[in-house]
Amino acid sequence: MTRSQRAVRWLQPGLVVKRWVLTSGLGLLLALIGGAVWADLKPIYWILETLSWLLGALTTILPREFTGPLVVLVGVALVLWGQSRSFGSIQQALAPDKDTVLIDALRAKSRLNRGPNIVAIGGGTGLSTLLSGLKRYSSHITAIVTVADDGGSSGVLRRELGVLPPGDIRNCLAALSTEEPLLTRLFQYRFSAGSGLEGHSFGNLFLSALTAITGNLETAITASSRVLAVQGQVVPATNVDVRLWAELENGQRIEGESNIGHAPSPIVRLGCIPERPPALPRALEAIANADLIVLGPGSLYTSLLPNLLVPELVSAIRRSRAPRLYICNLMTQPGETDGLDVRGHLRAIEAQLASLGLNQRLFPAVLAQDDLPNSALIKHYQSRGAEPVICDSKGLKKDGYDVTQAPLQGARPTSTLRHDPRSLALAVMRFYRNHKREQLQ
């Protein structure tokens, strides 16, 4: 794109630049007038005399019909050239190694600042996938993340250092990061060798160290957010060391998030120790100011429902007037959601809420995948015990649910069946805009 075309784009509304350029120009003009008045108007007289002499000299050389347009063109050219070089210098100072043009960056920033306040609740890779797509539409995103993980690197750090599990929080910070890709890759780097280091990610160690230095995970997340230039905020569901337990259909009770994910019998009820953990004020404030609240996608019993074990979060969601959307998984998870369709997932959520004494639907809207065609990839998943999550949209709508189906896995063929960040975020934003349009009618 040429410099002239780029300069014209600065005239587009919404950049919040032109108004301040005009304000500074008006201030300069007023300052000059004030100085002239202070000097008994003599500078104005001298300027007018000089201009009169200069214009008279120009018109004697060239006719007025040529002189006027020529001076106008020279003036406009100087203004455009000066502004272009000024903003180019600003671009060089702020982001010397980035290819993004300053006007494009400002336009994107302006659009994101006008985006809705979105609260996304969950954990695991599902939540980070959603966040990486939603950050294209808004800079006002709050991720409320479960802290019940007790497996892998997070579990080791939790047991040995006594910190809250940082893994899901690390994934969300990386998903919302706008910093250089190399820094994000460093945060996600997992050591593949080394005594005591193997299996740990750099981000987990970084957050654990910051937690020890600052005294709590919330402050460590805030510091990490500044390092990664996070677009929005990431908030733990609670700051209490929560341990999950589940009652199974066969009467057995198992403890630990990593064990619940491989339950030998269908899960009947989920709970935690200690009971009724408190929510963080930032999470409650975000929900109170939300324009859209989203639950999922993610593992039903180990990533989503643990957040609903925090009564204050549930009460805040219930009081909110924002549309509330549940995003269902593409496939069932062996040992956790075997045989569950979309209705089964919704019933599990409602049963969990009923155990807290809430008998109303907290998430009356659901977003599910379009029917997946048979393929070699589907058969591969079926051989491992997973099945597509079936959505009976007609039946759910008849029961009063607001059902949306969309191709959430994306158009490009992949080696895994997972939500595509762009496709998922697009479907979520379409739901929000449709809801907003219905409210205005």
Side-chain angles (χ1 to χ4, degrees), residues 121-130 133 146 151 244 246-250 252 254 257-270 294-308 325-352 363 365-399 401-421 423-424 427-428 431:
I121 305 171
T125 57
L127 180 58
S128 57
T129 298
L130 174 65
T146 178
L244 296 180
E247 290 182 0
L248 308 184
E249 197 175 72
N250 63 5
Q252 183 181 355
I254 56 176
E257 180 265 349
S258 55
N259 295 323
I260 292 171
H262 304 283
S265 177
I267 299 169
V268 176
R269 191 160 72 97
L270 191 72
V294 180
L295 177 69
S299 301
L300 180 62
Y301 287 100
T302 53
S303 292
L304 304 188
L305 292 185
N307 294 287
L308 302 183
L325 176 68
Y326 166 61
I327 304 174
C328 197
N329 287 349
L330 303 180
M331 305 290 290
T332 61
Q333 292 182 265
E336 186 165 344
T337 57
D338 294 296
L340 292 186
D341 58 3
V342 173
R343 186 187 296 275
H345 283 74
L346 291 169
R347 282 177 177 168
I349 294 172
E350 289 163 5
Q352 182 63 49
F363 292 90
V366 58
L367 174 62
Q369 167 66 36
D370 278 336
D371 294 337
L372 291 168
N374 288 327
S375 64
L377 186 57
I378 293 286
K379 292 178 180 178
H380 172 70
Y381 271 80
Q382 289 174 333
S383 68
R384 301 174 63 182
E387 295 285 344
V389 178
I390 305 300
C391 180
D392 177 17
S393 59
K394 291 183 180 179
L396 290 171
K397 289 177 181 178
K398 192 175 181 180
D399 290 342
Y401 288 99
D402 179 5
V403 182
T404 303
Q405 285 186 274
L408 304 179
Q409 86 285 6
R412 296 180 180 177
T414 59
S415 58
T416 56
L417 268 173
R418 293 183 179 179
H419 288 97
D420 172 66
S423 302
L424 180 59
V428 170
F431 164 81

Pair S299, Q333: side-chain N/O donor-acceptor within cut-off below 3.5 Å = yes
OH of Y401 to CZ of F363, rounded to nearest 0.5 Å, is 12.0 Å
For the residue pair L248 and S265, what are the closest heavy atoms and their distance?
-> CD2-O, 3.7 Å
Shortest non-hydrogen contact between L367 and V428, atoms and distance | CD2-CG2, 4.0 Å
Does the side chain of L396 reach to within under 4.5 Å of the side chain of C391, using non-hydrogen atoms?
-> yes
Between E336 (side chain) and Y301 (backbone), is there a donor-acceptor pair under 3.5 Å?
-> yes
Could you go step by step and tell me if L340 and L300 meet the side chain to side chain contact (heavy atoms under 4.5 Å, CB included) rule?
-> CA-CA 11 Å; L340 292 186; L300 180 62; 4.1 Å; yes
Are a donor atom and an acceptor atom from the side chains of Q382 and E387 found within less than 3.5 Å of each other?
-> yes
Test item: L372 and I378 side chains (from C-beta on) under 4.5 Å apart, heavy atoms | yes
Report the C-alpha separation of T332 and V389 in whole Å, then their side-chain angles, then the decisive distance to 0.1 Å, and conclude whether the side chain to side chain contact (heavy atoms under 4.5 Å, CB included) test is met.
-> CA-CA 6 Å; T332 61; V389 178; 4.0 Å; yes
Which of H419, Q369, R418 passes side chain to side chain donor-acceptor pair (under 3.5 Å) with Q409? Answer is Q369
Look up atom OG1 in T146 and atom CG in L305, then write down how far apart they are to the nearest 0.5 Å.
-> 10.0 Å
Polar side-chain atom of Y381 near backbone of L417 as donor-acceptor pair, under 3.5 Å = yes
Is the side chain of S423 donor-acceptor paired with the backbone N or O of D420 at a distance under 3.5 Å, no angle test?
-> no
